[in-house]
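The block underneath contains the structure these notes are about, expressed in C-alpha cells.
Remember, predicted model here, so these are calculated numbers, not experimental data. These values consider heavy atoms only, across backbone and side chains, with no hydrogens, waters or symmetry-generated copies. Whatever order the structure lists them in is the order used to number ligands and atoms, beginning at 1.
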Amino acid sequence: MLDPEQQVIQILKQEGINFTATLPCDRTKNLYPLILEAFEGIRLTREEDGLGICAGAWLGGGRPMMVIQSTGLGNMINALSTLNEASAVPIPILASYRGFYKEGIDSQIPFGRRLPEILKGCGIPCTLIEEAQSLSRLSEVIRDAYDHSRPHVALVSPKVWENSFSRAWQENPPLEIRPGERLEGELHGPVPQPRITRFEAILSLTDILEDQAVVCNLGVPSKELFQAGDRALNYYMLGSMGLASSIGLGISRFTQRKVMVLDGDGSILMNPNALITIGQVRPDNLMILGLDNGVYGSTGSQNTFTQSGMDLGALARTCGIRHTARVNDGQGLKDAVREFEALGKTSFIHVILKPGNSSCPNIPLTPPEITRRFKESLET
Ligand SMILES: Cc1ncc(C[n+]2csc(CCOP(=O)(O)OP(=O)(O)O)c2C)c(N)n1
C-alpha cells in the first residue's frame, strides 16, 4: 500500500508529467522532496513566476505541473487569466489547500474560505480532493488541463496526508551561513546617454536574428517586433506583465535553440523573481535583453525607477547572471548579442534607450494563434 505522497508521484508519472515548478507548504512537506527527486524542475521564489516558466516549458515540448500552497494562487490570478486562459496554455496545479481543514493559522482562513468561489469567478476549473481515497482525481485534473489547454487547480485538503506514514521530510541540520559568491567587475559605472529608441533597437536586432526563439514583452514592444519582422518563432506577449523572462527560461529548458527575451524595465521591476531564478538555473541558451527606456512606455511613458538609479545590469549580476553588458546604440547591441551567442552562457544585455513609441498597429493574430504557431515552429 502506497502512502498518499507516493500515490501522487505515481499519478504524475502515469500522466506523463516531466517537469515541475514548486514552492513548499508545511502540509505537503513529505511530498516536496519526493517531487524534487522524481522530476526535473525549478524551485520557485514566487508562484506567478512558475506560470511563466511552465508556459515556456510547455511551449518547448514539456508537460509541466505546479505543486504549491493554495495561498500562492492569490498572486497568480492575473497570469492564469491573461496568459493561460487567454493564450490557451495548459497548466495543472496541485495546491495544498490552506484555510479549509483544521487550520492553525487564522490569516489563512479568509482567502482559503473564498478560494473556490474566487477560482469559479475567474473561470478557472477547480477540483477539491478531500481524502486520500480521492487522489485518483488528480489524473482527471491533469488530463483536463492538457485536453482543453487550460489551467486546472486541484485543491488538496490537509486531511489527505493526515494518516500518511511517509517520512520523506527530514529536518535539515542548521545551515552554516556562507558568504555569497562575490560579484566581479564594475557594477555602477556612469549610465551612457541613449542614442536609439526601442523600435530602432528592435529593428537593428532583426538584421541578426536567425533561428532563435524570441519572447517579447507585452504592449508596444510586441507590436514593434511584429512590424519589424514577424516570424513564427516570435512569442508576442499580450498579458501577464513581468513573465517574459520566466517564459524564456521555461522554453530554454526544452529546446536546443537559442532563446532571446526582449524584456522591459517596468516589467523586470514587476517580477525581479524571474532574474533570481534564472541566475540560479543559468541555462546556456538564454539571453535576456533588458530594454530600458526608463518608462512604462506602453501606458503613456510614466517614469520607472531605472530613471532614478535602479541599475538592471547590477540587478542581473546580483541575481547570479554572470555575463552582462550595457549598450546604448544599435551597433553596440548587435556586437553584444553576437559576443554572448558565441559564448553560449546565460547573459543579460542592459539596453539603454530613449523613451518613445512608434505608431505600430495591433498584431492581427489572436493569442491562441500566436501560441499555436510558436509551439509548432519550435517543434520543427
Ligand atoms: C499587472 C499589470 N499591470 C499593469 C499593466 C499595464 N501595462 C501594460 S504594458 C505596461 C508598461 C510596461 O513597461 P515596460 O516593461 O518598461 O515596457 P515598455 O512599454 O516601456 O517597453 C503596463 C504598466 C498590465 N498589463 N498588467
Exercise. Between Tyr296 and ligand 1, is there a nitrogen or oxygen pair with a distance under 3.5 Å?
Worked result: no

Please tabulate, one pair per line, all N/O donor-acceptor pairs under 3.5 Å involving side-chain atoms of residues 252-273, not counting sequence neighbours.
residue	atom	partner	partner atom	Å
Ser252	OG	Leu249	O	2.6
Arg253	NE	Glu40	OE2	3.3
Arg253	NH2	Glu40	OE2	2.5
Thr255	OG1	Arg257	N	3.0
Arg257	NH1	Asp211	O	3.1
Arg257	NH2	Ser377	O	3.2
Arg257	NH2	Thr380	O	2.9
Asp263	OD2	Ser245	OG	2.7
Asp265	OD2	Gly294	N	3.2
Asp265	OD2	Val295	N	3.2
Asp265	OD2	Thr304	OG1	2.7
Asp265	OD2	Thr306	OG1	3.4
Ser267	OG	Asn217	OD1	3.1
Ser267	OG	Asn217	ND2	3.2
Asn271	ND2	Asp49	OD1	3.3
Asn271	ND2	Gly242	O	2.9
Asn271	ND2	Ser246	OG	3.3
Asn273	ND2	Thr45	OG1	3.1

Exercise. How does Thr304 reach ligand 1, by side chain, by backbone, by both or by neither, if only non-hydrogen atoms under 4.0 Å count?
Worked result: neither

Exercise. Can you tell me if Asn217 has a non-hydrogen atom under 4.0 Å from ligand 1?
Worked result: yes

For this session: Give the numbers and elements of all ligand 1 atoms closer than 4.0 Å to a heavy atom of Gly266.
Result: 14 (P), 15 (O), 16 (O)

Seminar exercise, completed: Quick look: Thr299 vs ligand 1, heavy-atom contacts under 4.0 Å, and the answer is side chain

Exercise. Can you list the steps and then say if Tyr235 with Thr371 is a side-chain hydrogen bond (donor to acceptor under 3.5 Å, both in side chains)?
Worked result: CA-CA 7 Å; Tyr235 194 63; Thr371 299; 3.1 Å; yes

Exercise. Just by distance, with hydrogens left out, do His152 and Thr127 show a side-chain donor and acceptor under 3.5 Å apart?
Worked result: yes

For this session: Tell me, please: is Gly219 in heavy-atom contact with ligand 1, that is, under 4.0 Å?
Result: no

Exercise. Purely on distance, is any nitrogen or oxygen of Ser298 under 3.5 Å from one on ligand 1?
Worked result: yes

Exercise. Looking only at heavy atoms of Met270, does any of them come nearer than 4.0 Å to an atom of ligand 1?
Worked result: yes

Exercise. Against heavy atoms of Arg198, which atoms of ligand 1 measure under 4.0 Å?
Worked result: 18 (P), 19 (O), 20 (O), 21 (O)

Exercise. Does the pair Arg98/Glu103 count as a salt bridge with the N-to-O cut at 4.0 Å?
Worked result: yes

Exercise. Ligand 1 versus Leu218, non-hydrogen atoms closer than 4.0 Å: side chain, backbone, both, neither?
Worked result: side chain

For this session: Output the list of atoms in ligand 1 that are nearer than 4.0 Å to some heavy atom of Asn78, sorted by atom number.
Result: 1 (C)

Exercise. Does ligand 1 have an atom that lies less than 4.0 angstrom from a heavy atom of Asn293?
Worked result: yes

Exercise. Do the non-hydrogen side-chain atoms of Arg338 and Lys334 ever get within less than 4.5 Å of each other?
Worked result: yes

Seminar exercise, completed: Note: Ile268, heavy atoms under 4.0 Å from ligand 1, region reported as neither

Problem set entry | For ligand 1, the portion of Pro221 having any non-hydrogen atom under 4.0 Å away | side chain

Problem set entry | Proximity of Thr82 to ligand 1 by residue part, where a heavy atom lies under 4.0 Å | neither

